[in-house]
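A short worksheet on the structure shown next.
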Amino acid sequence: QVQLVESGGGLVQPGGSLRLSCAASGLTFSSYVMDWFRQAPGKEREFVAAISRSVGNTYYADSVKGRFTISRDNAKNTVYLQMNSLKPEDTAVYYCAAERSTYFRTGNRRPGDMAYWGKGTLVTVSS
């Protein structure tokens, strides 16, 4: 079975940093465009970032551009999200996901475009 497992969430002060990891199994990881989404309490799940299969093309939501960096290591079947200059409004459960299509495009993704989801990891930004 396909499994995506996020890790690295926790409590961090405003202005701090966290690095999230998502370990994939049960799929040919290098064949998938990978994404990060997040969902704050009482809000809809929103797109954060996407990365192409192998050459490192990326796309970010405006809310995180310049602060977050998505990367991947296909040899380790892992995608990462480096989060810097964190703000209280970044507080959310963060989910990694694999897209249905292998074609990389710019623009915010929709949750329905994803083939597989992890269970999420909680990031809390607070003093």
* To do: Treat each ILVMFWY residue as a node, draw an edge where side-chain heavy atoms are under 4.5 Å apart, and state whether Tyr80 and Trp117 are in one component.
  => no
* To do: Return the set of residues passing ring-ring contact (aromatic ring centres under 6.0 Å, His included) with Phe29 (not counting sequence neighbours), or none when no residue passes.
  => none
* **Test side-chain contact (heavy atoms from CB on, under 4.5 Å) applied to Glu46 and Arg110, Gln39, Arg38, the passing residue** => Arg38
* Asked: Taking the side chain as C-beta and beyond, is there a heavy-atom pair between Ser126 and Thr91 under 4.5 Å?
  -> no
* **Single-linkage hydrophobic cluster Val64~Leu86, side-chain heavy atoms < 4.5 angstrom** => yes
* State plainly whether one hydrophobic cluster holds both Leu11 and Val93, where clusters connect Ile, Leu, Val, Met, Phe, Trp and Tyr through side-chain heavy atoms under 4.5 angstrom apart. => no
* **Greater than 12 external heavy atoms within 6.0 Å of Gln82's CD** => yes
* Structure fact -> The reported gap from SG in Cys96 to CD in Glu6 (rounded to nearest 0.5 angstrom) is 4.0 Å
* Option from Arg109, Arg105, Arg53 for which side-chain hydrogen bond (donor to acceptor under 3.5 Å, both in side chains) with Glu99 holds -> Arg109
* How far apart are the C-alpha atoms of Lys87 and Asp90, what are their side-chain angles, what is the distance that settles it, and do they pass the salt bridge (charged side-chain N to carboxylate O under 4.0 Å, His left out) test? -> CA-CA 5 Å; Lys87 306 173 182 179; Asp90 294 319; over 6 Å; no
* Transitively linked via ILVMFWY side-chain contacts under 4.5 Å: Tyr95 with Met83? -> no
* With sequence neighbours left out, what residues match Tyr94 under ring-ring contact (aromatic ring centres under 6.0 Å, His included)? -> none
* Asked: What are the two closest heavy atoms between Asp35 and Ala50, and how far apart are they?
  -> OD2-CB, 3.6 Å
* Indicate, with yes or no, if Leu20 and Ile51 share a hydrophobic cluster defined by side-chain heavy-atom contacts under 4.5 Å among Ile, Leu, Val, Met, Phe, Trp and Tyr. => yes
* Asked: Heavy atoms, side chains only, cut-off 4.5 Å: are Asn108 and Tyr59 in contact?
  -> yes
* Measuring from Ser30:OG to Asn74:CG, what's the distance to the nearest 0.5 Å? -> 5.5 Å
